[in-house]
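A short write-up of the structure that comes next.
Chain naming here is simple, since letters A, B, ... match the order of the sequence lines and numbering starts at 1 in each.
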Number of protein chains: 2
Amino acid sequence: MTSPKNDKNTRTTGRPTLNEVARLAGVSPITASRALRGVSTVATELVEKVQKAALELNYVVNPAARALASAQSHSVVVLVPSLSNLLFIDTLEAIHRVLTPKGFEVLIGNFHYSRDEEENLLRNYMAYQPRGFLLTGFDRTESSRRMIEASNIPCVYMMELDSAAGVNCVGFSQLSAGETAAEHLLSRGRKRLAYIGAQLDQRTLLRGEGFRKALQKAGRYDPDLEVLTPRASSVGLGGELFLQLLAAHPDVDAIFFGNDDLAQGALLEALRNGIKIPEQVAILGFNDLPMSEHMVPRLSSINTPREAIGRRAAEQMLTLMAGNKVARPVEDMGFELKVREST
Amino acid sequence: MTSPKNDKNTRTTGRPTLNEVARLAGVSPITASRALRGVSTVATELVEKVQKAALELNYVVNPAARALASAQSHSVVVLVPSLSNLLFIDTLEAIHRVLTPKGFEVLIGNFHYSRDEEENLLRNYMAYQPRGFLLTGFDRTESSRRMIEASNIPCVYMMELDSAAGVNCVGFSQLSAGETAAEHLLSRGRKRLAYIGAQLDQRTLLRGEGFRKALQKAGRYDPDLEVLTPRASSVGLGGELFLQLLAAHPDVDAIFFGNDDLAQGALLEALRNGIKIPEQVAILGFNDLPMSEHMVPRLSSINTPREAIGRRAAEQMLTLMAGNKVARPVEDMGFELKVREST
DNA sequence: CTGCATCAGGACAGCGCTACCTTAGTGCCT
DNA sequence: AGGCACTAAGGTAGCGCTGTCCTGATGCAG
C-alpha cells in the first residue's frame with residue numbers, strides 16, 4: 001500500500017545476479033553463465049565482455065542457486081576424529097590448499113572418535129549434496145558404510161591403507177609402523193618392551209598389533225606389557241600410565257607410545273621422578289609432533305606424512321570429481337623413524 | 001526417444017523432496033514445510049503426520065533450495081588466525097556445540113594471521129550469504145571493515161573487547177592480562193622483568209603493553225627486556241629467544257611469555273642448560289594450554305576462557321540472528337592466573 | 001550455387017523450497 | 001442470527017542459476 005510499485009522485493013538478496021551481468025554485457029544469461037564457468041564454446045570476445053561486466057558489478061555466483069540448478073554442490077566434506085590433535089590440522093590445511101583454489105568449499109566435521117557421531121555427521125552432510133567425502137580410516141558403522149555406498153559420492157580414505165577393489169586411500173601401513181618401532185627398540189638391545197596406547201581407535205590398535213607381531217617374532221612378547229585404555233590421549237595420561245607401568249614392571253626397558261602426547265607426558269614424569277631416559281627406559285613416540293624434538297631428552301618418534309596425506313587425498317578427490325579413475329588408488333606415503341635422544 | 005515417459009530426470013538429486021513428504025502425509029507442501037520448520041501455526045496432529053512421513057522417507061531438507069527460496073542461508077562463518085594453535089580449537093568446538101543443534105552450519109576460515117587473507121576469506125564467504133560472522137579481534141583491513149559494514153550481516157568479535165557503540169564482542173581485556181602478569185611477578189620480588197612475544201598479532205601486543213604499563217608504574221620498566229618478533233610462535237622459538245635473552249641480560253629474573261608454546265620451550269631449554277626455574281628466572285606463560293601444568297617445573301600461566309568465549313559468542317550470534325538486540329553486547333569473560341611451580 | 005554438417009548462442013523450463021496472498025473454517029460478540 | 005475478527009491450510013509464484021533442447025549462422029564439399 002505504502003509503495004504500490006515496490007521493486008525492493010525483500011526476497012531477493014540485493015546482490016547482482018547473472019541476469020544483470022548478462023544485460024550489461026549485452027548477451028543472454030546462459031551465455032554469461034557459460035562464459036563465467038568456462039564451459040562449452042563461447043567466443044573469446046564475449047567471454048571478456050562478460051568477465052568485465054561481472055567485475056564491474058562485483059558479481060559473485062549464488063552457490064545456492066547453482067547447487068539447486070545443477071543438483072551438484074561444490075563442497076567436499078572432510079571428517080576427522082579430532083581437532084585438538086595437531087595431527088589432523090596439518091592434513092586439513094593441506095586439503096584446503098588443494099581444493100579451495102579449484103573453487104571447492106571444504107566442510108569440516110569432527111566426530112570425536114565416535115562411530116555414531118560420524119554416522120550422524122555423514123547423514124547431515126549428505127543433505128548438502130557434497131561432491132566428495134574425505135574420511136579418516138575404515139572403522140565405521142555399517143549404516144555409515146551403506147550410506148556412503150548408496151550415495152554414489154566419491155570417497156577417499158585417509159591415514160590407513162586397504163587394497164580392496166574400488167577403494168581410494170592415501171596413508172601408510174599402521175601395522176608396519178608398529179613393527180618398525182619394535183625393531184628399532186630391539187636393535188637398541190632392549191629386552192622388556194612395552195606398548196602404551198590410548199583412545200584405541202583402529203590405527204592405535206593396528207600399530208599395537210604390528211608392535212606385538214614383531215616382538216613375538218623376536219620371542220620378546222609379554223602381554224602384561226601391553227597397556228591399552230580407551231581414555232582420550234593426553235600428556236597427563238601418558239605420565240600417569242608410564243608411572244603405573246614402571247611401578248608394576250620395574251624391569252621394563254623400552255616403551256613405544258601410540259601417540260606423542262603420551263610419550264611427552266612420560267618424559268616429563270621421568271624428569272620429575274629422576275628416571276633416566278634412555279638409560280633406564282627408552283621411549284619412542286608416534287607422529288612426531290612439533291614439540292617432540294624439543295623435549296628433554298629429545299623424543300625419538302615416527303614421523304607421519306600428515307601434510308602429504310592431505311594433499312594427495314585432495315588430489316585424488318579432484319580426479320574422482322572430474323569423473324576419472326585414479327591411476328594409483330592405494331597410495332602408501334610411508335613414515336620415517338626419527339631417532340633422537342630418548343632411544 | 002528411447003523412453004517417452006522418462007521420469008528419471010537426471011537433474012533431480014534422487015532424494016525425497018518436500019512434495020513427496022507432503023503427499024505421504026496427505027497435506028500440502030507448504031504445510032509440510034511449516035510443520036518441519038516449526039513455524040506458524042500448524043495443528044499438532046498434522047505436524048506429527050508430517051514428521052512421521054519425513055522419517056519414513058528419510059527426508060532431509062535441501063539446503064540449497066531453502067537458501068534460494070528464503071534468500072537466507074543457515075551458515076555462520078567463523079574466521080580464526082590459526083588452527084595449529086590449540087587455543088582456537090576449544091573456541092571452535094564451543095561454537096559448534098551451540099550453533100549446530102540450532103540447525104546452523106559453521107564454516108571455518110583460517111587466515112593464518114594475515115589481514116589480507118582474512119579480507120579474501122570474507123569476500124569469498126560473502127557469496128554464501130552467511131547469517132553471521134564470528135571474527136577474531138579488531139585488527140583488520142579497511143576494506144574488510146567496509147565489507148562487513150555494507151553487508152549488514154550480524155557480527156560478533158571474539159577474544160578482545162571494544163566498548164564502541166553497536167559492537168558485539170566477547171573476550172577479556174588483553175591489557176589487564178598483561179598487567180596481572182607483571183603484578184604477579186613483581187609480587188614474587190622480581191626486579192628484572194622481561195616480556196617475550198612472537199607472532200605479534202594485536203592481542204600479543206596488547207598484553208605486552210599492559211605488562212609494560214604495570215612495570216612503568218612500578219619503576220621497573222627496561223625497554224631492552226622487551227623481545228618482540230613477528231616470527232610464528234612455537235616451542236622451538238621460545239627456547240631460542242629465552243637463551244638469547246639470558247645471554248644478553250644474565251640478570252633477568254622473570255619472564256612473561258606472550259604464549260604458552262614459547263614458555264614451554266623456555267622451560268625445556270632451561271632444563272637442558274641447567275638453568276634453575278624459578279630460582280634463577282621465574283617463567284609465566286599465557287593461555288594455559290593443557291600441557292603447561294605437566295611441564296617440569298609446572299608452568300604458571302594465565303588461563304583464558306576459550307571455551308566460554310566461543311559459547312557466549314555463539315549465543316550472542318543466535319540472539320542477533322533472531323533479530324534481537326543483545327542485552328550485554330560487551331561481555332568480559334575474564335581470565336585466571338594459575339600460579340604453579342615456575343613462578 | 002545448393003545441401004549438409006558443425007557450432008555459437010539463445011529460449012525454455014525447472015531444480016526444491018518458501019514468502020506472500022487467498023480461501024475456508026471457527027468462535028465470539030452484538 | 002448475522003457479521004466480524006481471527007486462525008489454519010492451500011495456491012501461486014519465484015528465488016538465481018543451469019541442463020536440455022533448438023535456432024540460426026557459418027563453412028565446406030559436391
Side-chain angles (χ1 to χ4, degrees), chain A residues 1 3-4 6-23 25-50 54 57 59-74 103 126-129, chain B residues 1-4 6-23 25-50 54 57 59-74 103 127-129:
Chain A
M1 285 291 172
S3 59
N6 189 352
D7 22 57
K8 248 197 191 163
N9 185 335
T10 51
R11 292 187 61 187
T12 64
T13 62
R15 296 184 311 142
T17 71
L18 191 58
N19 265 303
E20 297 168 39
V21 174
R23 206 178 311 141
V27 299
S28 74
I30 309 87
T31 306
S33 169
R34 287 201 270 250
L36 291 175
R37 277 181 298 156
V39 301
S40 191
T41 41
V42 180
T44 349
E45 186 197 0
L46 286 187
V47 172
E48 277 167 19
K49 261 197 204 167
V50 171
L57 293 175
Y59 170 81
V60 196
V61 283
N62 182 328
R66 164 173 286 184
L68 185 58
S70 64
Q72 268 200 351
S73 76
H74 275 232
M126 284 290 177
Y128 292 94
Q129 299 168 214
Chain B
M1 284 293 170
T2 45
S3 59
N6 189 354
D7 19 57
K8 248 196 192 166
N9 186 337
T10 51
R11 293 186 62 188
T12 65
T13 61
R15 295 184 312 143
T17 71
L18 191 57
N19 265 303
E20 297 168 38
V21 174
R23 205 178 311 139
V27 299
S28 75
I30 310 89
T31 306
S33 168
R34 287 201 271 251
L36 291 174
R37 277 180 299 156
V39 300
S40 191
T41 41
V42 180
T44 351
E45 185 198 0
L46 287 187
V47 172
E48 276 167 18
K49 260 196 204 165
V50 171
L57 293 175
Y59 170 81
V60 195
V61 282
N62 182 329
R66 164 173 286 184
L68 185 59
S70 64
Q72 269 199 352
S73 76
H74 276 232
Y128 292 93
Q129 298 168 215

Decide yes or no on side-chain contact (heavy atoms from CB on, under 4.5 Å) for A/Met126 and B/Val60, but give the supporting numbers first. CA-CA 9 Å; A/Met126 284 290 177; B/Val60 195; over 6 Å; no
Between B/Ala65 and B/Val27, name the one whose nearest nucleotide on DNA chain D is closer to the 5' end. B/Val27
Identify which nucleotide among C/dC17, D/dG16, D/dA9 has an atom closest to any side-chain atom of B/Val42, counting heavy atoms from C-beta outward. D/dA9
Consider only side-chain N and O atoms of B/Ser70 and B/Arg66, and report whether a donor and an acceptor are under 3.5 Å apart. no
Can you confirm whether B/Asn62 sits close enough to A/Gln129 that some side-chain heavy atom of one is under 4.5 Å from a side-chain heavy atom of the other? yes
Please determine whether a side-chain nitrogen or oxygen atom of B/Thr17 lies at a distance below 4.0 Å from atom OP1 or OP2 of C/dG16. no
Which is more 5' along DNA chain C, the nucleotide nearest A/Ala43 or the one nearest A/Gln129? Just name the residue. A/Ala43
What heavy-atom pair brings A/Val42 and A/Ala35 nearest, and what distance separates the two atoms? CG2-N, 4.2 Å
Kindly say if A/Ser28 contacts the phosphate of C/dG10, meaning a side-chain N or O under 4.0 Å from OP1 or OP2. yes
Check the distance between D/dG19's C1' and A/Leu68's CG and give it to me in whole angstrom. 13 Å
Distance in angstrom units between B/Asn62 CG and C/dT18 C1', rounded: 13 Å
Quick one: which of C/dC17, C/dA19, D/dG16 gets closest to the side chain of B/Arg66? C/dC17
I want to verify a distance call: between D/dC17, C/dA11, D/dG19, whose nearest atom is closest to the A/Arg37 side chain? D/dG19
Out of D/dG14, D/dG11, D/dA9, minimum distance to the side chain of B/Ile30 belongs to D/dG11
Output the rounded distance in Å from OH (B/Tyr59) to C1' (C/dG16). 7 Å
Between B/His74 (NE2) and D/dC15 (P), how many Å, whole number? 19 Å
Using atom CZ of A/Arg23 as one end and atom C1' of D/dG16 as the other, report the distance to the nearest whole Å. 13 Å
Provide, to the nearest angstrom, the distance between the CG atom belonging to B/Asn19 and the C1' atom belonging to D/dG10. 13 Å
Within this structure, what is the CG-to-C1' distance between A/Leu36 and D/dT18, rounded to whole angstrom? 12 Å
Write down the distance between CG (A/Leu57) and C1' (D/dG16), rounded to a whole number of angstrom. 15 Å
With distance as the sole criterion, do the side chain of B/Arg34 and the base of D/dG10 form a donor-acceptor contact below 3.5 Å? yes
List in chain and number order the residues that pass side chain to side chain donor-acceptor pair (under 3.5 Å) with A/Glu48, two or more places apart in sequence or in another chain; answer none if no residue qualifies. none
